[in-house]
Number of protein chains: 2
Amino acid sequence: MDVFEAVAEPNRRHLLGLLAERDHTAGELVDSLPALTQPAVSRHLRILREVGLVEMRPDGQRRIYALKPDGLQRIDDWITPYRRYWRNHLDALEQHLENR
Amino acid sequence: MDVFEAVAEPNRRHLLGLLAERDHTAGELVDSLPALTQPAVSRHLRILREVGLVEMRPDGQRRIYALKPDGLQRIDDWITPYRRYWRNHLDALEQHLENR
DNA sequence: CCCACACATACGCTTGCGCTTATATACGCC
DNA sequence: GGCGTATATAAGCGCAAGCGTATGTGTGGG
């Protein structure tokens, strides 16, 4: 499983969104996805950790999860060369509007 | 199939990379992936078209595929707040999330 | 016309993901 | 030590993704 597949799963993107705000315990993350059981969320967290998108530190009997920014940067690096495409597209659109 | 799942497939990222350089016929794209058969590539192109990442125009009996920038921008929009995060602009990220 | 070429679709198969239920592990508290 | 809590792992299942083979569709050329 690579970082692209990890991010393709909607529940995992939901978890990343929460961790972008602040660190969360595993239990808080389980509560944030009431449609899923605790083992299902635990598996998602394991995958996110394996691809380097989050990191975990134990705190007593709890596990605190935190966003690890390096992982998403790999996606950003991939998308960078494409970014010029829609910039050119926008430039062309703006020019079109200005010429009216 | 959404744009995240579409991009999660390595062969489809390969096709997008070629289309970022220039437009290609379906046959050229088939030749670029010798490990896959022609129908396999055709299905990948169909998926990329369905999620709005590429567009196709017929040219006689050939089909010319071109990159469509709007699709990847949806991924870029999603990743934008995280980009600020790994650049240590933590305050900007939190503000962005709170304003959603 | 008819055939070759370029490409798409149909179908069946295998494989891996994501889920649930059940169970294991680890820690805190009394 | 013994028990409840927090979290992870195991086992099994349904389903959809991705693949190849076979076939359909449309276009150009002789």
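Quick caveat: nothing in here was measured; it's all calculated off a predicted structure. In what follows, every chain begins at residue 1, and chains take the letters A, B, ... in the order their sequences are listed.
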| Set of side-chain hydrogen bond (donor to acceptor under 3.5 Å, both in side chains) partners for A:Arg46, sequence neighbours left out | A:Glu50

| remark: Sequence neighbours excluded, the answer for side chain to side chain contact (heavy atoms under 4.5 Å, CB included) partners of A:Gln61 is none

| note | side chain to side chain contact (heavy atoms under 4.5 Å, CB included) filter on A:Pro39, not counting sequence neighbours, yields A:Thr37

| task | Ignoring hydrogens and angles, tell me if any N or O in the side chain of B:Thr80 forms a donor-acceptor pair with the backbone of B:Asp76 under 3.5 Å. | result | yes

| remark: In short, salt bridge (charged side-chain N to carboxylate O under 4.0 Å, His left out) pairs touching residues 23-44 of chain A with sequence neighbours left out are A:Arg22-A:Glu28, A:Asp23-A:Arg57

| task | Could I get the full list of side-chain hydrogen bond (donor to acceptor under 3.5 Å, both in side chains) partners for A:Arg74, not counting sequence neighbours? | result | none

| remark: Those residues at least two apart in sequence (or on a different chain) that pass side chain to side chain contact (heavy atoms under 4.5 Å, CB included) with A:Pro58 are A:Met56, A:Arg63

| task | Would you grab the first and last nucleotide of DNA chain C (5' to 3') that comes under 4.0 Å of any non-hydrogen atom in chain A? | result | C:dG18 to C:dG28

| request: Using a 4.0 Å heavy-atom cut-off, write out nucleotides 8-19 of chain D from 5' to 3' as B (base contacted by protein), S (sugar-phosphate only) or - (no contact). | output: BB--------SB

| request: Please identify each residue that fulfils ring pair (Phe, Tyr, Trp, His ring centres under 6.0 Å) with A:Tyr65, with sequence neighbours left out. | output: none

| query | How about B:Arg62: does its CZ atom have over 12 heavy atoms from other parts shown lying under 6.0 Å from it? | reply | no

Considering only distance and modelled atom types, tabulate donor-acceptor pairs under 3.5 Å from the side chains of residues 8-15 of chain B, sequence neighbours left out.
from, atom 1, to, atom 2, distance (Å)
B:Glu9, OE1, B:Asn11, N, 2.8
B:Glu9, OE1, B:Arg12, N, 3.3
B:Arg12, NE, B:Ala6, O, 2.7
B:Arg12, NH1, B:His44, ND1, 3.1
B:Arg12, NH2, B:Glu5, O, 3.3
B:Arg13, NH1, B:Val7, O, 2.9
B:Arg13, NH1, B:Ala8, O, 3.2
B:His14, NE2, B:Ser32, O, 3.2
B:His14, NE2, B:Ser32, OG, 3.3

Distances for protein N or O near nucleotides 3-5 of chain D N or O, under 3.5 Å:
from, atom 1, to, atom 2, distance (Å)
D:dT5, O2, A:Gln61, OE1, 2.7

